[in-house]
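Written out below as structure tokens is the structure these notes cover.
In each ligand, atom 1 is the first atom listed, and ligand 1 is the first ligand listed. Bear in mind the structure is a predicted one, so any value in this text is a computation, not a measurement.
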Amino acid sequence: MKAALALIRILVVVHAVVADTSTTPFDDFFPEERDALMQMRDVVNSTANLHRNWTGPPCFQDQSQWVGITCSNWHVTHLILEGISLTGSLPPAFLQNITFLTILSFKRNSLYGTLPNLTNLAYLQVVRLSHNSFSGSIPSEYAELPKLTKFELQGNNIDGPIPPFDQQTLTDFNVSYNRLEGPIPKTSILQSFPDSSYEHNSGLCGTPLRIPCPVSPPLPVPSPGAPPGKKESLQVWSIVLIAAASALIPFSVMLVFLCYYRRVQGKNSQAEQEPGEGFMDHVEKKMHWSEGGEDPEKTVELQFFDKDRPVFDLDDLLRASAEVVGKGKLGTTYKTVLESGLVVAVKRLKEMNALSKKEFIQQMQLLGRTRHENLVEIVSFYYSKEEKLVVYDFVPDGSLFELLHETRGIGRVPVSWSTRLSIIKDIAKGLSFLHQFLASHKVPHANLKSSNVLIQRISQNQYRSKLTEFGFLPLLPSRKSSELLAIQKSPEFGQGKKLTHKADVYCFGIILLEVITGKIPGGHSEEADEDEHHDLSNWVRMVVQSDWSTDILDMEIVAAKDGYEEMLRLTELALECTDTAPEKRPKMCQVLRRIEEIEKTSHDQQRES
Ligand SMILES: *[C@@H]1O[C@H](CO)[C@@H](O)[C@H](O)[C@H]1NC(C)=O
Ligand SMILES: *[C@@H]1O[C@H](CO)[C@@H](O)[C@H](O)[C@H]1NC(C)=O
Ligand SMILES: *[C@@H]1O[C@H](CO)[C@@H](O)[C@H](O)[C@H]1NC(C)=O
Ligand SMILES: *[C@@H]1O[C@H](CO)[C@@H](O)[C@H](O)[C@H]1NC(C)=O
Ligand SMILES: *[C@@H]1O[C@H](CO)[C@@H](O)[C@H](O)[C@H]1NC(C)=O
């Protein structure tokens, strides 16, 4: 056996020398945003010659490369093409993928066809489509754009009714010089604009225009002999009504919050605090939701990513019972049971108070779209100046750290070799996906350690692992604050060098060693601080220099002699992953492939024996 081990060691050294010198820098742009803009480029003509200018990535190193585009955080945020004789019909849904768009302006061009679909553009503030030749009606979804401040549509050929816009953010609204018809909806915001916002529309009536509407009932009873045209407008009306109703729902959520906010404020001022176990009690000990004077409306932000899931509001969350399940450097995690019975994990982030609302929301929005069976799903989040919450799916069976290191001794159920291998594979799958999905991130996970690998028990000896606390590096802008993350253990961080995806690979290597050896990296407690980096590198070196004997293996798996070959191949991989030179570490996709190969030979062996 010793001879075989020595051979492997030589192979490792040779391999490390020739390994992977071709780390390519990642192009910082989002391909789906580029594809969306290309769809448009290819169907319009203009005096700006977009065909020649819109090539390469739209945003490179966070700078716009394309005329009419502004970038922020590598995302396209403004699309402004005004007065350049833009001619053509826009692809109907092309803007859907430009998730972080805040300003859209095509004013004074010659665009025709229906208005673009703006559904889901949650950050869109300014829409200027005036003085074109757009036709069709105003999509009812426009009335649901949550951040809309300016809407200009004057000088087109738009017909149909005005949807019940009621965004309190709206400051400018102009639909004059179109062919709109029907009463102007009685929402407070639409009633607040002057008549010049509405004039020169053939069929529009009601205030603020001084044209009385002929029939008052908004939903006329259909008569059997009604012409087909009537039927269609009926449908339009019911859509408008539904839209109005759904616009009211977020509003009532806000009302509930406002009431609660008052109650909380009142409670604080009377300084009466009953002891309890509600989430609110945990939260209240350290802070108030909103300090006096701040407009609570501005801070309400409990956003959900999956519309098929049960939704709750902040009030529900505050009333829920809560229990601390983890305290880390980034914050405390609570197991929170809502009155509806729904269980979620709520992480209260500390250390992120310098963060702007926009930065936080953009990042959470991105992370919320990150879906994989080996990643803990983000359900929702909340932002206020003092308090940032991330609501995750609750994963019931603890962490890998607990599974490996806790309840050692009598009564412990050992973790078998095949279980360990499957856990490792799950982690590699989750991380490999993150490296693809968040390719533009410097270090996509950045906080990978065994306590951030959560475990779900599927059956007696079968587990699924899910990574959590990923994607927070962009939220920690200073070096001091990024020291809170697991990547601070990597040699390049210690040396103040540039960080890459390979810092995650290093952390993965440490977990591999931890799973193989059953030892806690970097000392005896999970949160060992000061000397952690030092201890850990010593520990890794110790493992490397140890005489490649089975002494390094966790006692619990030493007995599984059949698995020695795979255990040693995995150790070899772990040592490559923890190479001090980042460029010598394999990429995550290569790591995953090798683990799958190791697993396959392991299965084959089991079948043979
Ligand atoms: C948005 O991007 C996704 C993924 O690239 C793609 O499948 C989809 O077709 C795009 N949607 C539109 C409307 O272009
Ligand atoms: C596109 O035009 C902008 C502004 O005119 C210019 O800065 C940029 O270099 C051009 N890009 C390409 C690819 O030609
Ligand atoms: C754009 O210009 C080309 C060549 O002049 C012409 O064939 C095409 O129809 C134009 N497209 C539009 C949408 O006007
Ligand atoms: C706009 O896009 C959304 C989401 O892609 C879709 O559900 C909706 O039906 C579209 N609206 C129209 C009018 O096509
Ligand atoms: C609306 O647009 C029309 C035409 O451009 C303009 O005359 C009018 O003053 C505008 N009204 C408002 C309130 O902006």
Side-chain angles (χ1 to χ4, degrees), residues 27-29 31 33-72 74 76-92 94 103 105-116 125-135 138 142 148-158 162 165 167 169-180 184-185 187-202 204 206-211:
D27 283 349
D28 289 330
F29 79 98
E33 294 182 0
R34 179 175 192 271
D35 292 348
L37 293 168
M38 298 294 262
Q39 276 185 42
M40 172 185 154
R41 184 197 78 175
D42 292 342
V43 295
V44 295
N45 287 333
S46 72
T47 56
N49 203 342
L50 296 183
H51 259 281
R52 187 173 307 156
N53 187 267
W54 283 16
T55 60
C59 301
F60 185 70
Q61 292 171 346
D62 212 11
Q63 296 289 311
S64 163
Q65 307 297 304
W66 290 7
V67 65
I69 300 287
T70 304
C71 302
S72 166
W74 301 282
V76 172
T77 53
H78 301 178
L79 174 52
I80 304 176
L81 295 169
E82 298 174 349
I84 55 164
S85 305
L86 214 50
T87 310
S89 173
L90 298 174
F94 79 109
I103 302 183
S105 178
F106 291 139
K107 71 181 186 189
R108 299 191 186 280
N109 283 296
S110 307
L111 294 168
Y112 49 84
T114 53
L115 292 167
Q125 293 171 5
V126 177
V127 176
R128 293 198 167 106
L129 302 171
S130 50
H131 303 289
N132 278 283
S133 303
F134 286 112
S135 56
I138 304 175
Y142 281 21
L148 196 63
T149 59
K150 296 183 175 25
F151 184 72
E152 294 173 9
L153 201 56
Q154 66 269 31
N156 281 285
N157 297 320
I158 306 295
I162 301 177
F165 287 84
Q167 293 95 324
T169 44
L170 259 183
T171 56
D172 291 40
F173 185 86
N174 200 336
V175 293
S176 61
Y177 296 89
N178 276 292
R179 296 187 201 158
L180 294 163
I184 297 168
T187 64
S188 60
I189 206 76
L190 287 183
Q191 294 294 320
S192 71
F193 297 110
D195 55 355
S196 74
S197 291
Y198 302 101
E199 62 194 6
H200 291 275
N201 277 290
S202 44
L204 223 45
T207 49
L209 286 175
R210 278 166 295 258
I211 305 170

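- Ligand-side atoms of ligand 5 in range of Pro194: 13 (C), range being under 4.0 angstrom from any heavy atom.
- In this structure, the side chains of Tyr112 and Thr87 come closer than 4.5 Å at one or more pairs of heavy atoms.
- When distances from atom 14 (O) of ligand 2 to the protein are checked, a heavy atom turns up under 4.0 Å.
- Every atom of ligand 3 with a heavy atom of Val43 under 4.0 Å away is listed here by number and element: 13 (C).
- The shortest distance between side-chain heavy atoms of Thr114 and Ser89 does not fall below 4.5 Å.
- Among the atoms of Tyr112, none of the N or O lies under 3.5 angstrom from an N or O of ligand 3.
- Under the 4.5 Å side-chain criterion, counting only non-hydrogen atoms from C-beta, Trp54 is in contact with Val67.
- Using a distance-only test at 3.5 Å, with no hydrogens or angles considered, no donor-acceptor pair links the side chain of Asn132 to the main chain of Asn156.
- In this structure, atom 7 (O) of ligand 3 has no protein heavy-atom contact shorter than 4.0 Å.
- Less than 4.0 angstrom separates some heavy atom of Ser197 from each of these atoms of ligand 5: 13 (C).
- Leu209 has its side chain within reach of Ile184: a pair of non-hydrogen atoms, C-beta onward, lies under 4.5 Å apart.
- In terms of protein heavy-atom proximity, atom 1 (C) of ligand 5 is nearest to Asn174 ND2, 1.5 Å.
- Counting heavy atoms only, Asn45 comes closest to atom 2 (O) of ligand 3 of the residues Asn45, Asp42, Leu86.
- Those atoms of ligand 2 that come under 4.0 Å of a heavy atom in Gln65, given as number and element, are 1 (C), 8 (C), 10 (C), 11 (N).
- Taking every non-hydrogen atom of Tyr177 and a distance limit under 4.0 Å, the qualifying atoms of ligand 5 come out as 4 (C).
- In terms of protein heavy atoms, atom 9 (O) of ligand 5 is closest to Ser196 OG, 3.9 Å.
- An N or O contact shorter than 3.5 Å links Asn53 to ligand 2 by distance.
- Within a 4.0 Å radius of atom 11 (N) of ligand 5, the protein contributes at least one heavy atom.
- Residue Thr55 approaches ligand 2 through these ligand atoms, each under 4.0 Å from one of its heavy atoms: 13 (C).
- Using a 4.0 Å cut-off to heavy atoms of Ser176, the atoms of ligand 5 that qualify are 1 (C), 2 (O), 3 (C), 4 (C).
- Put simply, the side chain of Ser85 reaches to within 4.5 Å of the side chain of Thr47, judged on heavy atoms.
- Checked against Arg128 for a side-chain hydrogen bond (donor to acceptor under 3.5 Å, both in side chains), the options Glu152, Glu82, Gln154 give a single hit: Glu152.
- Scanning both residues, Leu90 and Leu111, for their nearest heavy atoms gives CD2-CD2, 4.1 Å.
- The contact set between ligand 3 and Thr87, taken as ligand atoms under 4.0 Å from a residue heavy atom, comprises 13 (C), 14 (O).
- Although no hydrogens or angles enter the test, the distance criterion places a donor-acceptor pair under 3.5 Å between the side chain of Thr77 and the main chain of Thr70.
- Residues Phe165 and Tyr142 place their aromatic rings such that the two centres sit no closer than 6.0 Å.
- Neither the backbone nor the side chain of Val44 has any atom closer than 4.0 Å to an atom of ligand 3 (non-hydrogen atoms only).
- A donor-acceptor pair is defined here as one N or O able to donate and one able to accept, closer than 3.5 Å; such a pair exists between the side chain of Trp66 and the backbone of Thr55.
- Of the N or O atoms in Arg52, none lie within a sub-3.5 Å distance of an N or O in ligand 2.
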